[in-house]
Amino acid sequence: ARYLLAAGAFSVGFAAFFGPAPAFLEALDYDSATIFGFFIVSNLASAVAFVPIGRRAGVGDPTVLQLGALAVRVVLFPAIGFAGLLPALAVRSVGLGVAFALVGLTWAVVAVTAAGLVSRRAPDAVRGEALGLFTALSGLGTGIGGVLGGWVALSMGYRAAFAVAGLAVLVGTVLVAASGIRAVPDP
């Protein structure tokens, strides 16, 4: 149950970041093609990482991998909010490109490990229900996070929205850690 709450919390954080991110990039004077490019970089990093992360997740408890990815996002989301302080457009663009690649890499870790963690922790008799609840809570978190991130961005600014995103991911990270780490994966 704790892991399902964690998934809801970190889903809020992910959407609180991604909801206002395009408008934030536009406010930094990037055109729509460049903004699209940042998201392509993120998706490309995810796509390249999925298979190696899947192999790595099968070697030990994937909780450790997921905690690492979530911890990176706790710091990364608020840090992206400070990109506008970088003095030169080229430096800012490279920094954002690297940041979005890290966003994609961390997404690959979370995506690969999450369903496995739910499956391994749920008793056989309720595994399907647990996966359905995980999907529902993730979706609910995404809806809440998008609205929350947009509202905070409009009322307090993008840095505040990205800080809220990082805080929600932190709550999810703490809940994942509290759900326990297993030394050896279940067969």
Side-chain angles (χ1 to χ4, degrees), residues 1-21 42-43 45-46 49-50 52-81 99-153 160-187:
R2 215 176 274 148
Y3 185 79
L4 295 174
L5 292 175
F10 63 65
S11 294
V12 167
F14 297 173
F17 170 77
F18 278 107
S42 179
N43 285 305
S46 291
F50 276 125
I53 289 168
R55 283 191 206 114
R56 175 65 184 96
V59 173
D61 184 357
T63 307
V64 175
L65 283 175
Q66 190 172 89
L67 285 170
L70 292 171
V72 168
R73 281 183 165 211
V74 166
V75 175
L76 186 60
F77 287 169
I80 288 172
F100 272 82
L102 287 171
V103 167
L105 177 63
T106 56
W107 169 247
V109 173
V110 173
V112 167
T113 58
L117 288 170
V118 171
S119 294
R120 289 180 182 187
R121 291 163 190 238
D124 290 343
V126 295
R127 187 164 289 144
E129 289 87 346
L131 286 167
L133 189 55
F134 164 75
T135 301
L137 289 173
S138 296
L140 181 63
T142 298
I144 292 168
V147 171
L148 177 64
W151 177 78
V152 173
F162 296 160
V164 166
L167 182 61
V169 176
L170 177 62
V171 170
T173 304
V174 169
L175 289 169
V176 171
S179 73
I181 297 172
R182 297 179 182 173
V184 178
D186 294 339

Does the gap between the ring centers of Phe14 and Phe10 come in under 6.0 Å?
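For Phe14 and Phe10, the ring centres are under 6.0 Å apart.
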Testing the basics here: between [X] and [Y], what is the closest heavy-atom pair and its distance to 0.1 Å?
{"X": "Leu175", "Y": "Ala6", "result": "CB-CB, 3.5 Å"}
{"X": "Ser46", "Y": "Gly104", "result": "OG-O, 2.6 Å"}
{"X": "Ala15", "Y": "Gly141", "result": "CB-O, 4.4 Å"}
{"X": "Ala108", "Y": "Ile53", "result": "CB-CD1, 3.7 Å"}
{"X": "Val12", "Y": "Ala168", "result": "CG1-CB, 4.1 Å"}
{"X": "Ala153", "Y": "Pro20", "result": "CB-CB, 3.8 Å"}

[X]: what forms a side chain to side chain contact (heavy atoms under 4.5 Å, CB included) with it, not counting sequence neighbours?
{"X": "Ala111", "result": "Phe50, Trp107"}
{"X": "Phe134", "result": "Tyr3, Leu4, Ala7, Ala114, Val118, Ser138"}
{"X": "Thr173", "result": "Leu67, Leu70, Val74, Val169"}
{"X": "Ala69", "result": "Thr106, Val109, Val110"}

Pair Arg56-Val64, side-chain contact (heavy atoms from CB on, under 4.5 Å): steps then yes or no
CA-CA 11 Å; Arg56 175 65 184 96; Val64 175; 5.8 Å; no
Within a strict 4.5 Å, meaning less than it, do heavy atoms of the Val174 and Arg2 side chains meet?
no
Between Arg120 and Pro62, is there a side-chain heavy-atom distance shorter than 4.5 Å?
yes
Could you state the interatomic distance from CG (Leu105) to CZ (Arg73), rounded to the nearest 0.5 Å?
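Interatomic distance, Leu105 CG to Arg73 CZ, rounded to 0.5 Å: 9.5 Å.
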Out of curiosity, Leu5 CG to Ser179 OG, how far, rounded to the nearest 0.5 Å?
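Between Leu5 CG and Ser179 OG, I get 10.5 Å after rounding to 0.5 Å.
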Quick one: ring-ring contact (aromatic ring centres under 6.0 Å, His included) partners of Phe17, sequence neighbours excluded?
Phe77, Phe162
Show which side-chain atoms of residues 122-130 pair as donor or acceptor with protein atoms under 3.5 Å away, not counting sequence neighbours.
| from | atom 1 | to | atom 2 | distance (Å) |
| --- | --- | --- | --- | --- |
| Asp124 | OD1 | Arg127 | NH1 | 3.0 |
| Asp124 | OD1 | Arg127 | NH2 | 2.9 |
| Arg127 | NE | Ser119 | O | 2.7 |
| Arg127 | NH2 | Ser119 | O | 3.1 |
| Arg127 | NH2 | Ala122 | O | 3.1 |

Test side-chain hydrogen bond (donor to acceptor under 3.5 Å, both in side chains) applied to Thr113 - qualifying residues, sequence neighbours left out
Gln66
Partner set under side-chain hydrogen bond (donor to acceptor under 3.5 Å, both in side chains) for Ser11, not counting sequence neighbours:
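Ser11 satisfies side-chain hydrogen bond (donor to acceptor under 3.5 Å, both in side chains) with no other residue.
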